[in-house]
Amino acid sequence: MAKTSAYAASASELHAKELIRIENLGKVYDTGAIKVVGLYNINLNIQKGEFVAIMGQSGSGKSTLMNILGCLDRPTLGHYYLDGVDTAELYPDELSAIRNRKIGFVFQSFNLISRTSALKNVELPMTYAHVSKKQRRKRALELLDKVGLSARYDHQPNELSGGQRQRVAIARALANEPPLILADEPTGNLDTASSIEIMELFTELHREGATVVVVTHEEDIAEFTHRILRFRDGRLQSDKRKNAAGEWEETLQREEERKETHV
């Protein structure tokens with residue numbers, strides 16, 4: 001009984017640390033004439049506080065996975081648990097609430113509202129979350145200060161550089177204090193210097209405890225993270241983590257290795 005209780009406690013602690021759990025997940029696109037497999041039997045966990053890069057060439061499945069992680073799409077098979085909630089069981093309005101409360105999005109094209117100040121852009125997710133006007137303004141100003149743009153709170157997107165616009169987008173992503181920051185090619189439209197500044201900002205957020213998942217095809221961007229998931233042809237090809245010495249180590253157990261383990 002003692003061993004069983006200890007195991008149960010250990011499993012409970014492990015799940016408490018998980019932010020993302022994916023079990024036997026598959027995605028199939030039915031075009032009518034043919035069916036295309038976007039993801040094939042994906043199993044992975046991402047712990048709270050991890051800094052992860054998702055990589056792969058066009059058609060690898062990384063964008064499909066990103067859409068599922070962001071609750072913008074549903075898996076055809078399997079389960080995606082976000083912060084303990086099985087998203088497959090949710091209605092569209094519940095998924096919308098999950099996106100607003102639990103996911104902070106950062107896009108390659110910034111997706112800021114033009115002719116609207118940086119302050120109002122950052123306030124927007126809090127408006128949908130029914131935060132009071134006074135609290136929205138206070139938090140938005142704090143977040144703009146956090147990303148180094150307190151002096152430009154009243155500037156519109158067309159008055160800001162690409163790097164500054166992405167900083168506004170990051171501040172907006174943090175507005176509702178979501179457990180997951182999901183960044184889709186966040187440096188794709190930036191020059192090298194601005195890209196480094198943005199990734200250093202993500203690094204700082206990670207150090208403060210944020211869970212950051214970056215979808216990218218750039219090796220130098222992925223090097224900022226502590227874990228790289230590589231996809232190819234809809235399958236998870238490799239899962240590497242940085243060790244204490246800063247070196248990458250493969251941690252993905254192959255299917256044949258799992259079978260040998262259980263023989």
Side-chain angles (χ1 to χ4, degrees), residues 3-28 38-54 61-107 125-126 128-131 139 143 170 172-184 202 205-215 225-229 231 234-236 239-241 251-253 258:
K3 288 185 178 180
T4 303
S5 299
Y7 175 79
S10 177
S12 177
E13 288 174 4
L14 179 62
H15 284 171
K17 294 178 181 178
E18 286 177 346
L19 180 61
I20 290 171
R21 177 157 50 101
I22 291 175
E23 296 178 348
N24 304 316
L25 186 144
K27 180 65 181 179
V28 179
L39 291 171
Y40 182 85
N41 196 35
I42 306 300
N43 288 278
L44 66 89
N45 299 332
I46 294 177
Q47 305 296 310
K48 293 176 181 177
E50 280 201 87
F51 191 9
V52 182
I54 297 176
K62 72 178 188 300
S63 295
T64 299
L65 180 63
M66 182 267 182
N67 287 335
I68 292 174
L69 292 179
C71 295
L72 299 168
D73 198 0
R74 296 176 184 266
T76 308
L77 303 167
H79 297 272
Y80 164 38
Y81 297 90
L82 175 60
D83 209 14
V85 176
D86 187 352
T87 60
E89 303 296 327
L90 301 179
Y91 291 106
D93 59 335
E94 292 175 317
L95 283 175
S96 179
I98 286 281
R99 287 193 297 271
N100 185 248
R101 292 286 191 176
K102 292 189 176 291
I103 306 170
F105 291 96
V106 180
F107 299 98
M126 292 182 280
Y128 294 140
H130 307 295
V131 176
R139 176 150 177 80
L143 289 171
I170 292 172
R172 180 185 60 189
L174 297 170
N176 287 329
E177 300 182 90
L180 174 63
I181 304 298
L182 187 58
D184 184 19
F202 280 130
L205 293 174
H206 160 67
R207 287 182 185 138
E208 293 174 358
T211 306
V212 183
V213 177
V214 178
V215 179
T225 71
H226 292 180
R227 182 181 180 190
I228 298 178
L229 302 170
F231 284 78
R235 299 174 185 265
L236 179 57
D239 181 352
K240 294 184 177 181
R241 301 171 190 256
T251 58
L252 180 66
Q253 189 179 25
R258 286 196 291 269

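Index from 1, following the sequence.
Looking only at distances, a side-chain donor or acceptor of Arg101 sits under 3.5 Å from a matching main-chain atom of Ala129. Thr64 places no side-chain N or O within donor-acceptor distance of the main-chain N or O of Gly38, the cut-off being under 3.5 Å. Looking only at distances, a side-chain donor or acceptor of Glu50 sits under 3.5 Å from a matching main-chain atom of Gln47. Using a distance-only test at 3.5 Å, with no hydrogens or angles considered, no donor-acceptor pair links the side chain of Arg21 to the main chain of Leu82. Side-chain N or O atoms of Arg99 include one that pairs as donor or acceptor with a backbone N or O of Cys71 at under 3.5 Å. Judged purely by atom type and a 3.5 angstrom limit, Thr211 uses its side chain to pair as donor or acceptor with the backbone of Gly49. Remark: side-chain polar atoms of Asn176 are not paired, donor with acceptor, to backbone N or O of Pro178 under 3.5 angstrom.
Tyr128 has its ring centre no less than 6.0 Å from the ring centre of His130.
Distance check, rounded to the nearest 0.5 Å: CG of Leu39 to CZ of Arg235 gives 11.0 Å. Taken from CG in Leu143 to CD in Glu177, the straight-line distance is 8.5 Å, to the nearest 0.5 Å. Separating the CG atom in Leu44 from the CD1 atom in Ile46 is a distance of 5.5 Å, to the nearest 0.5 Å. The distance from atom CG of Leu19 to atom CG of Leu180, rounded to the nearest 0.5 Å, is 5.5 Å. One distance of note links OG1 of Thr87 with CG of Leu95; it measures 6.5 Å at 0.5 Å rounding. For the atom pair CZ (Arg241) and CG (Leu229), the distance works out to 8.0 Å, reported to the nearest 0.5 Å.
The side-chain heavy atoms of Leu205 and Ile170, taken from C-beta on, include a pair separated by under 4.5 Å. Between Val214 and Ile54, the closest side-chain pair of non-hydrogen atoms is not below 4.5 Å. Residues Thr251 and Lys240 form no side-chain contact, since every pair of their non-hydrogen atoms from C-beta on lies 4.5 Å or further apart. Taking 4.5 Å as the limit, every side-chain heavy atom of Tyr80 sits out of range of all side-chain heavy atoms of Asp86. A 4.5 Å side-chain heavy-atom check between Glu89 and Glu94 finds every atom pair outside the cut-off. For the pair Met66 and Leu182, the minimum side-chain heavy-atom distance is below 4.5 Å. Between Ile181 and Phe105, the closest side-chain pair of non-hydrogen atoms is not below 4.5 Å. Put simply, the side chain of Ile20 reaches to within 4.5 Å of the side chain of Ile22, judged on heavy atoms.
Within a 6.0 Å sphere centred on OH of Tyr81, other residues, nucleotides and ligands contribute more than 12 heavy atoms. Around atom NZ of Lys27, more than 12 heavy atoms belonging to other residues, nucleotides or ligands sit under 6.0 Å away.
Contact detail for Asn45 and Glu18: the closest heavy-atom pair is ND2-OE2, 3.1 Å. Contact between Val28 and Thr76 at its shortest, heavy atoms only, is N-OG1, 2.8 Å. Nearest heavy atoms, Phe51 versus Thr225: O-CB, 3.4 Å. The nearest pair of heavy atoms linking Asp83 to Pro179 is OD2-CG, 4.1 Å. Across all non-hydrogen atoms, the minimal contact from Asn43 to Leu236 is O-CD2, 4.1 Å.
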